[in-house]
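As the structure lists them, so they are numbered: ligands from 1, and atoms in each ligand from 1.
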Amino acid sequence: MSIIVQKFGGTSVADSQLILAAARKAIRAQRTGHEVVVVVSAMGQNTDLLIDLAKEIHDRPPAREMDMLMSTGEQVSAALMAMAVEALGYRAVSLTGAQIGIRTDSTHTKARIRSISTERMQALLDTGNIVIAAGFQGIDEERNITTLGRGGSDTTAVALAAVLHAAECEIYTDVDGVYTTDPRILPEARRVERISYDEMLELASLGAGVMHNRSIEFAKRYGVPIHVRSSLSDTPGTLICSEPEVADRAVCGAAVMRNEARIALVGVPDVPGTSLEIFSRLADRKITVDMIVQNVGEAGKSDISFTVPRDELPAALEAVREAADIVGVDEINTDENVSKVSVVGLGMARQAGVADKMFAALAAEGINIQMITTSEIKISTLVEQDAALPALRAVHRAFELEREPALTSAALGEQPTVAVGAGNGPDFSGLVERLKGTDMEELMLDDISLDQSQALVTIAGVPDRPGVAAAVFRSIGNEGIFVDMIVQSHKGAQGQASLSFTVPAAQLTHTLSVARRLADAYQCRTVMHSPSVAKLSVSGIGLRSHTSVAIRMFRALADAGINVDMISTSELRVNVVIDGRRGERGLAQLQKAFEGVLR
Ligand code: ADP
Ligand code: ASP
Ligand code: MG
């Protein structure tokens with residue numbers, strides 16, 4: 001008999017009637033021949049209420065006690081859900097994370113799952129019960145209650161589906177699927193039939209709050225198909241699986257993170273090891289850093305800036321000040337009035353002109369781009385907070401995301417199977433067995449690679465006004481030159497930004513003539529270049545939340561005295577650009593540093 005995991009989010013269990021409705025869905029699945037595990041979130045806004053209560057008592061409540069407190073929300077829903085199933089004439093038993101045996105590390109409020117025991121759940125399922133699991137929580141080695149981070153019930157659900165070899169994990173929520181962007185922000189957003197793990201992983205970590213990003217790491221790692229659907233209707237929703245909706249569509253979705261903060265360290269000595277000092281301290285505090293931009297150094301000094309979620313700014317500043325005391329920095333400044341707008345798509349890795357389309361859409365609205373970072377399947381821009389929504393709308397429109405994908409052969413191909421009860425689930429081929437004994441969320445890398453085919457161009461002293469990036473990349477794109485990595489710093493002390501990007505080395509001369517022409521036209525200070533750079537990439541799953549990857553790369557390179565010129569991070573890859581002559585040495589260092597972690 002196949003197992004199905006159903007997860008009901010907060011709004012889907014917000015009152016007794018909704019809980020009864022959810023219980024009916026679980027019973028229906030059982031009656032059609034499944035064993036059913038239900039994962040529940042706290043009712044309505046209960047988690048927020050608990051957090052507010054704690055803050056009334058303590059302005060920085062101890063994390064352990066926050067977990068004690070927050071985990072109660074899910075326990076309430078679980079007990080009520082079990083009662084609802086019983087009231088409808090069926091059998092159910094509710095279990096907390098600890099009762100199931102969901103073991104985590106001890107990072108309170110952001111714990112990672114290490115292992116899950118299936119015995120108790122399986123025994124209950126075998127005797128005809130619906131198992132109701134409290135989401136979002138686990139227990140550490142000392143039997144302290146832990147929670148998995150906001151939105152973490154999705155991760156509980158997918159993790160249970162993985163260890164139970166479930167046929168599918170259904171996520172019931174207050175929207176009827178995954179949209180091209182948050183439909184509550186942009187009503188013109190379109191529901192997608194299907195989205196790939198990689199795209200969903202990026203979107204979730206760039207602001208698409210419909211799924212907890214770590215749940216997608218689990219799904220990808222263990223091959224769990226996820227079906228996101230409405231708890232209020234029976235319409236099919238969105239399947240999250242290994243295939244994208246349409247092969248080759250450059251952009252599949254857009255996301256915004258409105259509450260970001262930028263930190264800049266100005267005048268950092270440009271020597272190996274400084275990034276390590278800074279980012280290792282942030283990683284120790286489990287702060288997820290994004291949009292790391294390092295200005296190409298002048299006079300032996302460089303500027304390093306990056307973004308963090310705004311509510312983590314105080315902790316991040318504490319970390320940064322510690323590092324600054326050691327490495328020496330002229331100034332630290334912050335901007336709390338910024339938002340990140342990103343686009344994601346598997347197809348952009350193979351298509352030119354995606355970045356310039358995004359930048360042109362922003363320029364046409366008069367929106368100034370403060371920072372840019374890109375990776376293979378995403379482009380992120382930082383804009384002032386007031387511009388976030390116009391920016392999202394402009395970008396969504398520019399990529400025509402509201403329109404049904406063209407009827408390409410890929411779109412006409414096999415449709416996703418979303419019917420409950422289809423098949424016996426994915427063939428895990430012993431994957432769960434093989435991974436036994438390792439932490440379930442442990443880092444897993446696919447590849448470490450070296451690319452020595454590119455050159456680096458930097459336009460320094462770019463005036464801080466809309467349209468420059470758009471003009472640069474439009475002109476370069478028109479020449480048929482494929483731009484790979486792009487970073488743009490925010491304006492420095494002189495109110496000017498710098499724009500760096502990599503192109504195929506063979507096209508450097510051509511690129512430079514275009515860049516110089518534009519630099520003149522836009523009164524940029526100068527154009528600099530390195531004819532040969534080495535790009536080192538480490539790829540795997542969930543690398544951004546495993547901040548340790550970038551740190552290990554920095555450490556390995558710093559140990560060999562290698563300076564990092566440029567960095568880009570995504571869920572799937574961390575790329576660094578270094579001096580071309582040191583490529584082989586850098587690669588060897590990374591291979592040594594990640595020995596034993598490669599799959
Ligand atoms: P739950 O309580 O069920 O876990 P969440 O509030 O966590 O629900 O997630 C659902 C919400 O995610 C939706 O109401 C929607 O506003 C938001 N959302 C953000 N981005 C997207 C997106 N790309 N597609 C669908 N919903 C999204
Ligand atoms: N109740 C928790 C939260 O609000 C977990 C969840 O809903 O997924 O973050
Ligand atoms: Mg959620």
Side-chain angles (χ1 to χ4, degrees), residues 6-14 18 22 38-52 66-67 69-78 97 109-111 133-138 145-160 169-195 199-216 226-232 237-238 240 245 251-258 311 341-345 389 392 395-396 401-402:
Q6 298 184 324
K7 179 252 170 180
F8 293 91
T11 40
S12 310
V13 292
L18 287 164
V38 173
V39 175
V40 285
S41 289
M43 294 171 70
Q45 309 298 314
N46 257 357
T47 310
D48 293 327
L49 295 177
L50 293 170
I51 294 172
D52 291 347
M66 281 311 289
D67 280 351
L69 180 69
M70 289 191 294
S71 63
T72 62
E74 272 66 15
Q75 196 174 327
V76 170
S77 319
T109 76
K110 288 184 187 176
F136 173 57
Q137 54 183 274
I145 293 178
T146 54
T147 64
L148 309 180
R150 295 306 307 272
S153 295
D154 297 330
T155 296
T156 306
V158 180
L160 292 185
C169 181
E170 294 184 317
I171 302 287
Y172 286 97
T173 182
D174 59 0
V175 276
D176 60 357
V178 176
Y179 280 67
T180 49
T181 197
D182 188 340
R184 287 183 211 288
I185 302 182
L186 285 195
E188 64 266 39
R190 179 181 68 86
R191 183 177 62 79
V192 301
E193 292 280 320
R194 181 169 51 171
I195 186 166
E199 290 166 326
M200 191 67 234
L201 188 51
E202 290 297 350
L203 280 174
S205 76
L206 293 169
V210 63
M211 291 298 296
H212 192 228
N213 61 343
R214 278 165 45 206
S215 70
I216 312 297
I226 300 178
H227 183 189
V228 182
R229 53 196 307 194
S230 164
S231 57
L232 299 173
T238 298
I240 307 175
E245 186 178 44
V251 171
C252 73
V256 60
M257 291 186 78
R258 299 187 66 177
D311 56 5
V341 176
S342 312
V343 295
V344 170
L389 294 189
L392 184 69
V395 166
H396 196 272
L401 294 178
E402 70 288 350

Engineer: Check whether any side-chain heavy atom of T146 sits under 4.5 Å from a side-chain heavy atom of Q137, and report yes or no.
Structural biologist: no
Engineer: Heavy-atom contacts with ligand 2 below 4.0 Å: which residues, ordered by chain and residue number?
Structural biologist: S41, A42, T47, E74, F136, R150, G151, G152, S153
Engineer: A side-chain contact here means heavy atoms from C-beta on lying under 4.5 Å apart; do V175 and P183 qualify?
Structural biologist: yes
Engineer: Which ligand 1 atoms does D174 reach within 4.0 Å, using its non-hydrogen atoms?
Structural biologist: 10 (C), 11 (C), 13 (C), 14 (O)
Engineer: How far apart are the closest heavy atoms of S231 and F8, and which atoms are they?
Structural biologist: CB-CD2, 4.4 Å
Engineer: Determine, stepwise, if the pair T147 / D67 fulfils side-chain hydrogen bond (donor to acceptor under 3.5 Å, both in side chains).
Structural biologist: CA-CA 6 Å; T147 64; D67 280 351; 2.6 Å; yes
Engineer: Evaluate T173 for polar contact with ligand 1, using N/O atom pairs at a separation under 3.5 Å.
Structural biologist: yes
Engineer: What do we get for I185 next to ligand 1 when only non-hydrogen atoms under 4.0 Å count, side chain, backbone, both or neither?
Structural biologist: neither
Engineer: Mark the output for P183 as yes if a heavy-atom distance to ligand 1 is under 4.0 Å, and as no if none is.
Structural biologist: yes
Engineer: Hey, does M211 sit under 4.0 Å from ligand 1 if you only count heavy atoms?
Structural biologist: no
Engineer: Run the numbers for me: atoms of ligand 1, each under 4.0 Å from some heavy atom of K7, listed by number.
Structural biologist: 4 (O)
Engineer: With a 4.5 Å cut-off on side-chain heavy atoms, are H227 and T238 touching?
Structural biologist: no
Engineer: Can you confirm whether V344 sits close enough to V251 that some side-chain heavy atom of one is under 4.5 Å from a side-chain heavy atom of the other?
Structural biologist: no
Engineer: Quick one: closest heavy-atom pair of H212 and L148, and the distance?
Structural biologist: CE1-O, 3.6 Å
Engineer: Check whether any side-chain N or O of T180 sits under 3.5 Å from a backbone N or O of R190 as a donor-acceptor pair, and report yes or no.
Structural biologist: yes
Engineer: Return yes or no for this condition: an N or O of Y179 is under 3.5 Å from an N or O of ligand 1.
Structural biologist: yes
Engineer: Is there a heavy atom of S231 sitting under 4.0 angstrom from any atom of ligand 1?
Structural biologist: no
Engineer: Ligand 1 and V178, any nitrogen or oxygen pair closer than 3.5 angstrom?
Structural biologist: no
Engineer: Of D176, T181, D182, which is the lone residue that meets side-chain hydrogen bond (donor to acceptor under 3.5 Å, both in side chains) with Y179?
Structural biologist: D176
Engineer: Do you know which two heavy atoms are closest between V210 and G177, and how far apart they sit?
Structural biologist: CG2-O, 4.4 Å
Engineer: At what distance is the nearest protein heavy atom to atom 25 (C) of ligand 1, and which residue and atom is it?
Structural biologist: G177 O, 3.4 Å
Engineer: Is there a donor-acceptor contact under 3.5 Å linking the side chains of S153 and S41?
Structural biologist: yes
Engineer: Within the structure provided, determine whether I226 and M211 are in side-chain contact (heavy-atom separation under 4.5 Å).
Structural biologist: yes
Engineer: Does any non-hydrogen side-chain atom of I51 lie less than 4.5 Å from one of M70?
Structural biologist: yes
Engineer: Looking only at heavy atoms, is any part of H212 under 4.0 Å from ligand 1, and if so is it the side chain, the backbone, or both, or is it neither?
Structural biologist: neither
Engineer: Could you tell me, atom by atom, which parts of ligand 1 come under 4.0 Å of a heavy atom of G209?
Structural biologist: 7 (O), 9 (O), 12 (O), 19 (C), 20 (N)
Engineer: Closer than 4.0 Å to some heavy atom of R184 - which atoms of ligand 1 meet that?
Structural biologist: 13 (C), 14 (O), 15 (C), 16 (O)
Engineer: Return the closest protein heavy atom for atom 2 (O) of ligand 1 as residue, atom name and distance.
Structural biologist: G10 N, 3.1 Å
Engineer: Is the shortest N/O to N/O distance between D154 and ligand 1 below 3.5 Å?
Structural biologist: no
Engineer: Do any non-hydrogen protein atoms sit less than 4.0 Å from atom 6 (O) of ligand 1?
Structural biologist: no
Engineer: Do the charged groups of R229 and E170 touch, with an N to O distance under 4.0 Å?
Structural biologist: yes
Engineer: Do the charged groups of D311 and R150 touch, with an N to O distance under 4.0 Å?
Structural biologist: no
Engineer: Among all protein non-hydrogen atoms, which one is nearest to atom 16 (O) of ligand 1, and what is the separation to 0.1 Å?
Structural biologist: D182 OD1, 2.8 Å
Engineer: In terms of residue, atom name and distance, what is the protein heavy atom nearest to atom 26 (N) of ligand 1?
Structural biologist: V210 CB, 3.5 Å
